[in-house]
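In what follows, a structure is listed as structure tokens, so that the remarks can point back to it.
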Amino acid sequence: MKATPPALGLYLHIPFCKSKCVYCDFYSLPQAESRMDDYTDALCAHLAETAPFAADHLVDTVYFGGGTPSYLGVKRLTKLLKVVLKKFKVAKDAEITLEANPDSAGDWKELRSLRKCGFNRLSLGMQSADDEELAEIGRVHTMAQVSAAVEAARKAKFENLSLDLIYGLPHQTLEGWQKNLSAAVDLAPEHLSCYGLKVEEGTPLFARRDTAGLPGDEAQADMYLYTVEFLKNHGYEQYEISNFAKPGRASRHNLKYWTLGEYAGFGPGAHSDFGGVRYAYTRDLEAYIRGVRDHAPMLSESDRIPPLDRDTEWIMLGLRTTAGLDPKVFENRFRRRFSCFLPFLNQCAQAGYAVEEDGRWHLTPRGFLVSNQIIGGMLGALAADKQRRAAASARGDFRVNLD
């Protein structure tokens with residue numbers, strides 16, 4: 001019997017924005033409105049060209065990310081989504097998300113048009129409730145526009161709303177973050193993403209990082225631990241390091257990334273994991289448009305990864321989630337024992353960083369704070385086990401397969 005292909009997620013990268021935020025290292029272009037029409041046409045053509053390769057897949061999530069997708073305008077967004085719905089086999093209950101900045105999402109009639117076209121989830125880049133903080137990081141909206149956008153979304157009958165927030169902003173105190181978080185919860189979104197500010201090399205913020213008044217690691221840790229407890233008390237379940245949702249409202253699309261689901265990306269800088277291949281398109285708008293038009297090379301990377309070699313990804317991504325790692329799934333999927341991790345995981349448990357519940361291992365909130373170190377320790381244990389097996393195989397000792 002032929003196996004049913006896994007459900008597929010689609011990601012459409014919209015690289016346009018009004019202005020570049022000082023912390024942003026995503027591929028996005030301010031003041032490039034003149035290229036919107038040509039880019040939309042290229043994206044439509046690329047979607048139609050790729051769809052036959054996904055003919056056996058049911059698309060259950062579609063995500064328009066950026067940049068600022070809402071800045072593209074209702075007509076272009078509608079055109080793109082219609083191509084998706086026509087060319088791909090899209091599930092009736094598919095989650096279809098549009099990222100938006102509050103300044104370009106305040107017209108409820110436009111939002112209603114987008115909802116009627118098929119968008120059913122809206123993700124607003126709130127980032128802060130403090131106008132001074134917003135201005136310092138280069139955001140072009142105000143808190144009043146956040147409230148107006150939420151009101152417009154509800155009037156347009158959007159029933160699945162997410163807000164993005166950033167903690168650890170320049171000069172931010174724990175008290176200031178608490179006010180931001182309370183303001184976000186007061187808007188009653190179904191989902192909240194709360195990210196610690198990362199100062200990425202090559203951004204304007206990186207250039208002035210020593211004088212920007214950035215909170216230290218300990219202050220950021222306090223903000224994070226407060227976030228977990230506060231949102232739990234307000235009915236939001238944490239399901240990933242930075243993501244919290246009302247019951248049943250976790251982002252189905254983002255969960256694909258953390259569970260090694262399949263997804264196909266479109267647009268400059270977009271990544272994919274589809275058909276056993278991880279690949280990405282060049283971070284160059286003109287090269288992407290030209291590549292689609294002329295069938296010219298536009299991949300920046302492409303790697304075929306055998307299923308049994310995805311064990312490191314499975315560990316790294318699984319430890320980001322509150323569901324954690326299921327030893328039985330690991331053993332069935334990768335054909336090796338989970339026991340090699342237990343000495344290290346028991347050390348983490350004794351330190352309060354990890355816990356075993358119902359046969360699964362997951363990190364605690366304090367463990368999430370040092371997740372990079374814990375993942376490093378897990379990968380070290382995996383590498384040591386592989387070396388042990390290789391040495392045993394070289395000796396002809398096949399008993400190692402029973403360990």
Residue pair Asp131, Thr142: steps toward the side chain to side chain donor-acceptor pair (under 3.5 Å) verdict: CA-CA 6 Å; Asp131 287 350; Thr142 63; 4.8 Å; no
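- Between the CG atom of Leu317 and the OG1 atom of Thr312 there is a distance of 9.0 Å, given to the nearest 0.5 Å.
- In this structure, the side chain of His57 engages the main chain of Pro6 through a donor-acceptor pair within 3.5 Å.
- No donor-acceptor contact under 3.5 angstrom links the side chains of Gln347 and Tyr353, judged on distance only.
- Heavy-atom contacts from other residues, nucleotides or ligands closer than 6.0 Å to CZ of Phe230 number more than 12.
- If you run ring-ring contact (aromatic ring centres under 6.0 Å, His included) between Phe64 and each of Tyr71, Phe266, Phe119, only Phe119 comes through.
- Here the CG-CG distance, from Leu8 to Leu58, works out to 9.0 Å after rounding to the nearest 0.5 Å.
- Inter-residue side-chain proximity for Asn160 and Asn120 is flagged as unmet; no heavy-atom pair is nearer than 4.5 Å.
- The environment of Glu151 atom CD is sparse: at most 12 non-hydrogen atoms of other residues, nucleotides or ligands sit within 6.0 angstrom.
- Residue pairs satisfying the side-chain hydrogen bond (donor to acceptor under 3.5 Å, both in side chains) criterion with at least one member in residues 101-117, sequence neighbours excluded, are listed as follows: Lys18-Asp103, Thr68-Asn101, Ser70-Ser104, Asn101-Arg139.
- Screening residues 213-232 for side-chain hydrogen bond (donor to acceptor under 3.5 Å, both in side chains) gives Trp177-Thr227, Tyr224-Gln238 as the qualifying pairs, with residues at least two apart or on separate chains.
- Heavy atoms of other residues, nucleotides or ligands lying less than 6.0 angstrom from NZ of Lys20 number more than 12.
- Atom CG of Leu255 is separated from atom CG of Leu260 by 12.0 Å, given to the nearest 0.5 angstrom.
- Aromatic ring orientation, Tyr27 versus His13: tilted (interplanar angle from 30° to 60°).
- Not a single donor-acceptor pair under 3.5 Å links the side chain of Gln145 to the backbone N or O of Pro102.
- Applying the side-chain hydrogen bond (donor to acceptor under 3.5 Å, both in side chains) rule to Glu286 yields the partners Arg35; only residues at least two apart in sequence or on another chain are considered.
- Taking all atoms of both residues into account, the shortest heavy-atom contact from Val90 to Ala94 is CG1-CB, 3.7 Å.
- Of the possible donor and acceptor atoms, one in the side chain of Glu331 sits under 3.5 Å from a partner among the backbone N and O of Phe338.
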Derivation of the side-chain contact (heavy atoms from CB on, under 4.5 Å) call for Asp41 and Lys79: CA-CA 9 Å; Asp41 290 342; Lys79 182 178 180 179; 2.8 Å; yes
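- In this model, no donor atom of one side chain and acceptor atom of the other lie less than 3.5 Å apart for Tyr63 and Glu95.
- Here the closest non-hydrogen pair linking Leu163 and Pro189 is CD1-CG, 3.8 Å.
- When Arg154, Lys246, Arg249 are each tested for a salt bridge (charged side-chain N to carboxylate O under 4.0 Å, His left out) with Glu190, only one passes: Arg154.
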ring-ring contact (aromatic ring centres under 6.0 Å, His included) between Phe274 and Phe53, intermediate numbers included: CA-CA 10 Å; Phe274 181 43; Phe53 297 100; 8.3 Å; no
Residues Arg290, Asp284; criterion salt bridge (charged side-chain N to carboxylate O under 4.0 Å, His left out); working and verdict: CA-CA 10 Å; Arg290 186 168 57 251; Asp284 185 325; 5.5 Å; no
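- Around atom NZ of Lys82, no more than 12 heavy atoms belonging to other residues, nucleotides or ligands sit under 6.0 Å away.
- Here the OG-CG distance, from Ser123 to Leu192, works out to 10.0 Å after rounding to the nearest 0.5 Å.
- In the model, Gln172 has no side-chain atom that pairs as donor or acceptor with a side-chain atom of Asp130 under 3.5 Å.
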Salt bridge (charged side-chain N to carboxylate O under 4.0 Å, His left out) evaluation trace for Glu133 with Lys179: CA-CA 12 Å; Glu133 286 182 346; Lys179 290 180 179 178; over 6 Å; no
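- No salt bridge links Asp311 with Arg333; every basic N to acidic carboxylate O contact stays at or beyond 4.0 Å.
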Trace of the side-chain contact (heavy atoms from CB on, under 4.5 Å) decision for Cys194 with Met223: CA-CA 10 Å; Cys194 301; Met223 294 177 190; over 6 Å; no
Stepwise side-chain contact (heavy atoms from CB on, under 4.5 Å) check, Leu225 with Leu369: CA-CA 9 Å; Leu225 293 174; Leu369 287 171; 3.9 Å; yes
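- Defined by atom type and a distance below 3.5 Å, a donor-acceptor pair is present between the side-chain atoms of Tyr239 and His191.
- Taking a 6.0 Å sphere around CE of Met316, one finds it holds 12 or fewer heavy atoms contributed by other residues, nucleotides or ligands.
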Arg283 and Tyr288: CA distance, side-chain angles, deciding distance, side-chain contact (heavy atoms from CB on, under 4.5 Å) verdict: CA-CA 8 Å; Arg283 290 166 60 102; Tyr288 180 81; over 6 Å; no
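- Between Trp314 and Phe334, the ring planes lie perpendicular to each other; the angle is over 60°, past the 30° to 60° tilted range.
- Between the side chain of Asn346 and the backbone N or O of Leu342, at least one donor-acceptor pair lies under 3.5 Å.
- Minimum heavy-atom separation, Gly106 to Ala152: O-CB, 3.6 Å.
- Not one N or O on the side chain of Gln127 forms a donor-acceptor pair closer than 3.5 Å with the backbone of Leu134.
- For Asp326 (side chain) and Arg360 (main-chain N/O), no donor-acceptor pair under 3.5 Å exists by modelled atom type.
- Smallest separation of non-hydrogen atoms from Cys24 and Thr203: O-CG2, 3.4 Å.
- Taking each heavy atom of Leu124 and Leu161 in turn, the nearest pair found is CD1-CD1, 3.9 Å.
- His271 places no side-chain N or O within 3.5 Å of a backbone atom of Arg278 that could act as its donor or acceptor partner.
- To the nearest 0.5 angstrom, Phe206 atom CZ is 4.5 Å from Glu201 atom CD.
- Nearest heavy atoms, Leu169 versus Pro215: O-CD, 3.2 Å.
- Within the model, atoms CG of Leu85 and CG of Leu80 stand 11.0 Å from one another, a figure rounded to the nearest 0.5 Å.
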